[in-house]
Amino acid sequence: MTEKLIDTFTSRVGKAEIAVLMPIHNEAETIEKTATEFYDVINPRMPAELVLSEDGSTDDTENVINRLSEKIPLKAILSTSRKGYAGGIKDGLKLVKAKYVLITDSDGQQDPKDFWKLWKLRKNYDIVSGWRKERADALYRKVMSKIFQLRVKRAFNLPNLMDITAPFKLMKTDLAREIAEKCKYMSESFWNEFTVRAHVGGLSIEEIPVAHRLRADKSATRVYKPWKIPKIALAQLTALSKLKLELRME
Ligand SMILES: Nc1nc2c(ncn2[C@@H]2O[C@H](COP(=O)(O)OP(=O)(O)O)[C@@H](O)[C@H]2O)c(=O)[nH]1
Ligand SMILES: [Mg+2]
């Protein structure tokens, strides 16, 4: 695996209170638009440390990020081998210097304007999470997600959260790092494991309704391809058992 770091942020901006971290895999069509949209929405009011965590892309993503780093200040980690969603987030968090981090998908499904709704509440809760009230995903994807979230909620006695896996979460960076480092079973269902560990650790979680849009390139999910569903479902159930076992043993 070869890894490359880009940093046009530190010399041009230096410091920021908020970082926006995006995991990226094969997003050549979307990443420029998504990152620029976040930059344009947050930057007029305060500097934002954009951190792009890319791995394993086989399209033009790397070149797009290289070019983008000349246009807007950002940090990026680019890796030739795929780390999975969880791996991308964990490695991206290592680059973050800001006190708070918004972790959001890079495919344009989240609306950057919703950031301000979460930001207002950052001091009231440990984690502020965007609830996709009207989720713009394929039906099979929504059903699968709902069923697994219900199982997770039941298994760990979680409060009645509406959208555990919402990929739009704001929290202190130290906290994000601490919980993410513990997550080891659910790579693709990362937010399920993350939320369970946060709950077990006694953290407060608040959900705020946010918009959810079609992918910016109108393509399908990078992770939950229909033909991968049986394998993913099995992996999720195995991971759930392992997590149960670990947390019961503590
Ligand atoms: N770094 C990294 N990001 C990934 C990986 N797989 C998916 N992503 C990113 O994670 C986000 C969610 O993926 P997506 O396919 O949209 O999943 P869905 O929205 O849950 O259906 C997107 O921004 C992807 O680019 C991966 O292996 N590594
Ligand atoms: Mg998506």
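Whatever order the structure lists them in is the order used to number ligands and atoms, beginning at 1. Since the structure is predicted, the reported quantities are computational estimates derived from the model, not experimental observations.
Listed by chain and number, P23, I24, H25, E27, S53, D55, R82, G84, Y85, G88, D105, S106, D107, Q109, R141, R215, T221, R222, V223 each place a non-hydrogen atom less than 4.0 angstrom from ligand 1.
Tracing side-chain contacts under 4.5 Å through hydrophobic residues (I, L, V, M, F, W, Y), one never reaches M46 starting from V101; they form parts of separate clusters.
Side chains of Y85 and D105: a donor on one and an acceptor on the other come within 3.5 Å. For the residue pair S189 and Q236, a side-chain donor N or O sits within less than 3.5 Å of a side-chain acceptor on the partner.
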Could you give the side-chain donor-acceptor pairs of residues 164-173 under 3.5 Å, partners two or more places apart or in another chain?
| from | atom 1 | to | atom 2 | distance (Å) |
| --- | --- | --- | --- | --- |
| T165 | OG1 | R132 | NH2 | 3.2 |
| T165 | OG1 | Q149 | NE2 | 2.7 |
| K169 | NZ | S129 | OG | 2.9 |
| K169 | NZ | I164 | O | 2.9 |
| K169 | NZ | A166 | O | 2.9 |
| T173 | OG1 | A98 | O | 2.7 |
| T173 | OG1 | K99 | O | 3.1 |

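Checking side-chain atoms of E49 against main-chain N and O of K97 turns up a donor-acceptor pair under 3.5 Å.
By the 4.0 Å N-to-carboxylate-O rule, K182 lies too far from E246 to be salt-bridged with it.
Nearest N, O or S atom of D107 to the Mg ion (ligand 2): atom OD2.
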